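Encoded as structure tokens, the structure appears first; notes follow it.
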Amino acid sequence: MVEALTAALLATLQNSEATPDELADAGAKFFQDASGMTLDEANQALAILGEHLDLEDDYRAAYLAVICGALVEQGCDAEEIVEPLLDRITLLLKAAASINQACFERMPELDERNAGEEEEEDEDDGDHDEESGEELDDDDAVAQFEAIRSEIAATMPDENDAWEALKQGWYAAIAVLSVSPRARELAQDLAPLAEEISQYHEGGHWIRLILTVLDQEPIIVIEPESGRGIVGCISGVVDNFQLNVLIMDAFPNSGKPRIAQQVADCAKGRGEQEIDGAVTGAWNLYSWKALQGTGKLPSSDELDSTHWIWNEGCPADIPAWDGHRVVLLGPINYERVWEASRMFDRLKAKLAVEKYLSPSECEELIREFTES
């Protein structure tokens, strides 16, 4: 059964005269006929299909990748296709980065903007009229980029095909990277390529984002005011909104729970990706550098954000100390409220507590942070 189903699908994919509609029909028929397969049979099918992700045609390879990604989302073992999928995504990203660079060479004003080299605006002296059109908004920038890419496509057809194929292929990449820490580790070299194209390619944006995720990353969390703290590790956390929720769930508390169980479950990758309700932050988050020199965190009425850990950032941005990401919990400056959701549906996240710190251990660490 497995061999017959995969052979029929591959025959259409390998037929150079098959139209996109025929490919879509073959994919739909595969899933319809495969609905009765056991998980072992589905994993066998995935392994067979993964061997053909090196198809010469980028579009067909990307379409096959999407089918493989869908099987992973249905519960198949992503490890069956980690290497061949990443090999294909690598080729697509490299080619996409080439045409991206070629477009940027025709768009020097955007190249400067992306590199953060914009000059500050001249101070308005009351006599200066700003000329319209000097600065592109995001929609104009995208339109200009796409117009230039359309022109360049004639001289870079393979690279342009890869750019288009990646519009499909990135879904499969996210499916596999979400469930396989090994895939995320192997894919780290792809992060610069994904970042390079991320402004104008959606797939580059999402691949770059998931590759910032840390796994088994040591973390220390201390609340100086209470003398409580934990040592542990985090995995699968995409942004500091999510980290904040996991800390509120795991950190010692003498009163009622800080968040509802369903909010914690959502952050951990259980249940729905987004649930009704909002999260209200319990603390202001600081890096360990906030203690340098004084040994004290700012009071709640001080709005010095120099060493804040922003919710919009990611754990990889948090300064490390002695191999640990350090989060200090201080009094809130103002109420922070955000939606209860997670970025990637199938990416599991956790904050595993390995040790609860005593007040004296917290005090000693605070002293070391202060003197560092």
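As the structure is a prediction and not an experimental result, all values here were calculated from the model. In this chain, residues are counted from 1 in sequence order.
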(request) Drop me the distance from C68's SG to L46's CG, to the nearest 0.5 angstrom. (result) 5.0 Å

(request) Compare every heavy atom of A162 with every heavy atom of A95, then report the nearest pair and how far apart it is. (result) CB-CB, 3.4 Å

(message) Looking at E22, I want to see if its CD is surrounded by more than 12 non-hydrogen atoms of other residues, nucleotides or ligands under 6.0 Å.
(response) yes

(message) Salt bridge or not between R346 and E73? Use side-chain N to carboxylate O under 4.0 Å.
(response) no

(request) Determine, using ring centers only, whether F251 and W283 are less than 6.0 Å apart. (result) yes

(message) Has H52 got a side-chain atom pairing as donor or acceptor with L10's backbone, closer than 3.5 angstrom?
(response) no

(message) Does this structure show an ion pair linking R342 with E274, if we count only N-O contacts that are shorter than 4.0 Å?
(response) no

(request) Tell me, with the steps shown, if R149 and E146 meet salt bridge (Lys or Arg N to Asp or Glu O under 4.0 Å). (result) CA-CA 5 Å; R149 185 169 69 87; E146 288 299 324; 2.7 Å; yes

(message) Looking at every non-hydrogen atom in both residues, tell me the closest pair between H324 and D322 and how far apart they are.
(response) ND1-O, 3.1 Å

(message) Assess the residue pair V72 and I81 against the criterion (side-chain contact (heavy atoms from CB on, under 4.5 Å)); give the C-alpha distance rounded to whole Å, side-chain angles, the decisive distance to 0.1 Å, and a yes or no.
(response) CA-CA 9 Å; V72 170; I81 59 164; 4.2 Å; yes

(request) Go through the side-chain N and O atoms of D40 and T38 and say whether any donor and acceptor fall under 3.5 Å apart. (result) no

(message) Quick check: do D249 and R258 have side-chain heavy atoms less than 4.5 Å from each other?
(response) no

(message) Has K268 got a side-chain atom pairing as donor or acceptor with K350's backbone, closer than 3.5 angstrom?
(response) no

(request) For E361 and S358, indicate whether the former's side chain and the latter's backbone hold a donor-acceptor pair under 3.5 Å. (result) yes

(message) Can you tell whether the side chains of E223 and R228 come within less than 4.0 Å, N to carboxylate O?
(response) yes

(request) Only counting residues at least two apart or in another chain, list the ones meeting side chain to side chain contact (heavy atoms under 4.5 Å, CB included) with N284. (result) Y286, W308, N333, R336

(request) State whether the number of non-hydrogen atoms from other residues, nucleotides or ligands found under 6.0 Å of E185 atom CD is greater than 12. (result) no

(request) May I ask you to decide if E196's main-chain N or O and N100's side chain share a donor-acceptor pair within less than 3.5 Å? (result) yes

(request) Using the rule that two of Ile, Leu, Val, Met, Phe, Trp, Tyr join whenever any of their side-chain heavy atoms come within less than 4.5 Å, decide whether L328 and L246 are in one cluster. (result) no

(request) Could you check if a side-chain atom of L209 sits within less than 4.5 angstrom of a side-chain atom of M343, using non-hydrogen atoms only? (result) yes

(request) Locate the shortest heavy-atom distance separating A154 from P157; write the atom from each residue and the value. (result) O-CD, 3.8 Å

(request) Show your reasoning for whether side-chain contact (heavy atoms from CB on, under 4.5 Å) applies to I174 and F344. (result) CA-CA 8 Å; I174 294 301; F344 296 105; 3.7 Å; yes

(message) Any heavy-atom pair between the side chains of W206 and S198 that's under 4.5 Å?
(response) no

(message) As an exercise, state the distance from OG1 of T6 to CE of M1, rounded to the nearest 0.5 Å.
(response) 10.5 Å

(message) Restricting to non-hydrogen atoms, name the atom on C103 and the atom on I148 that form the minimum distance, rounded to 0.1 Å.
(response) CA-CG2, 3.9 Å

(request) Could you tell me whether a side-chain N or O of D25 sits under 3.5 Å from a main-chain N or O of A28, the two making a donor and an acceptor? (result) no

(request) Return the orientation label for the F104 and F145 ring planes: parallel under 30°, perpendicular over 60°, tilted otherwise. (result) perpendicular

(message) Determine whether a donor-acceptor pair (N or O, by modelled atom type, separation under 3.5 Å) exists between the side chain of H205 and the backbone of G203.
(response) no

(request) May I ask whether I318 and I210 are part of the same hydrophobic cluster, defined by side-chain heavy atoms of I, L, V, M, F, W, Y residues being less than 4.5 angstrom apart, directly or through others? (result) no

(request) State, without any angle test, whether W288 and S372 hold a side-chain donor-acceptor pair at a distance under 3.5 Å. (result) no

(request) May I ask you to say whether D33 pairs ionically with K29, meaning some side-chain N is under 4.0 Å from a carboxylate O? (result) yes

(message) Would you say that R325 contacts P315 through its side chain, given a criterion of any heavy-atom pair below 4.5 Å between the two side chains?
(response) no

(message) Would you say that L357 contacts I230 through its side chain, given a criterion of any heavy-atom pair below 4.5 Å between the two side chains?
(response) no

(message) Between L53 and D87, is there a side-chain heavy-atom distance shorter than 4.5 Å?
(response) no

(request) Would you please test Q144 and M107 for side-chain contact (heavy atoms from CB on, under 4.5 Å) and show each step? (result) CA-CA 8 Å; Q144 183 173 341; M107 302 171 70; 3.8 Å; yes

(request) May I ask whether V237 and I207 are part of the same hydrophobic cluster, defined by side-chain heavy atoms of I, L, V, M, F, W, Y residues being less than 4.5 angstrom apart, directly or through others? (result) no

(request) Please examine the side chains of L193 and K94, heavy atoms only from C-beta on, and report whether any two atoms are closer than 4.5 Å. (result) yes

(request) Answer with yes or no whether the side chains of E363 and S360 bring together a donor and an acceptor at under 3.5 Å. (result) no

(request) Rounded to the nearest 0.5 Å, what's the gap from CH2 on W163 to CG on D58? Could you check? (result) 14.0 Å

(request) State whether the number of non-hydrogen atoms from other residues, nucleotides or ligands found under 6.0 Å of E272 atom CD is greater than 12. (result) no

(message) Test of understanding: with side chain to side chain contact (heavy atoms under 4.5 Å, CB included), list the residues that count as partners of D265, not counting sequence neighbours.
(response) Q261, R270

(message) Could you report the tightest heavy-atom contact between A267 and V245, atom names first, then the distance?
(response) CB-CG1, 3.7 Å

(request) Could you verify whether a donor N or O on one side chain and an acceptor N or O on the other, from Q44 and E3, lie under 3.5 Å apart? (result) yes

(message) Would you compute the distance between atom OH of Y59 and atom CD of E164 and round it to the nearest 0.5 angstrom?
(response) 10.5 Å

(request) Could you tell me whether the side chain of N43 reaches within less than 4.5 Å of the side chain of L39, counting heavy atoms only? (result) yes

(message) Main chain of S299, side chain of E302: is a donor-acceptor contact present, judged purely on distance under 3.5 Å?
(response) yes

(message) Less than 3.5 Å apart, any donor N or O on the side chain of E79 or S180 sitting next to an acceptor on the other?
(response) yes

(message) If we check side chain to side chain contact (heavy atoms under 4.5 Å, CB included) with I219, which of these qualifies: L243, V353, V231?
(response) L243

(message) Less than 4.0 angstrom from a charged side-chain N to a carboxylate O is my criterion; do E364 and R367 meet it?
(response) yes

(message) Under a 3.5 Å distance rule, please check whether S235 uses its side chain to pair with a backbone N or O of Q216 as donor and acceptor.
(response) yes

(request) Identify whether I247 and V326 are in the same connected component of the hydrophobic contact network (ILVMFWY, side-chain heavy atoms under 4.5 Å). (result) no

(request) Identify whether the distance between the nearest side-chain nitrogen and carboxylate oxygen of R184 and D215 falls below 4.0 Å. (result) yes

(request) Indicate yes or no: does E83 engage R88 in a salt bridge with an N to O separation below 4.0 Å. (result) no

(message) Looking at Q273 and S341, would you say the former's side chain and the latter's main chain have a donor-acceptor pair under 3.5 Å?
(response) no

(message) Assess, by modelled atom type and distance only, whether the side chains of N311 and N244 contain a donor and an acceptor separated by less than 3.5 Å.
(response) yes

(message) For V179 versus A175, what's the shortest heavy-atom pair and its separation?
(response) CG2-O, 3.5 Å

(request) Go through the steps for Q14 and R60 under the test side-chain contact (heavy atoms from CB on, under 4.5 Å), then give the verdict. (result) CA-CA 8 Å; Q14 293 167 338; R60 293 163 189 268; over 6 Å; no

(message) Could you measure the distance from the CD1 atom of I99 to the CG atom of D158? Nearest 0.5 Å is fine.
(response) 10.0 Å

(request) For N240 and W310, indicate whether the former's side chain and the latter's backbone hold a donor-acceptor pair under 3.5 Å. (result) yes

(request) Treat each ILVMFWY residue as a node, draw an edge where side-chain heavy atoms are under 4.5 Å apart, and state whether L329 and F241 are in one component. (result) yes

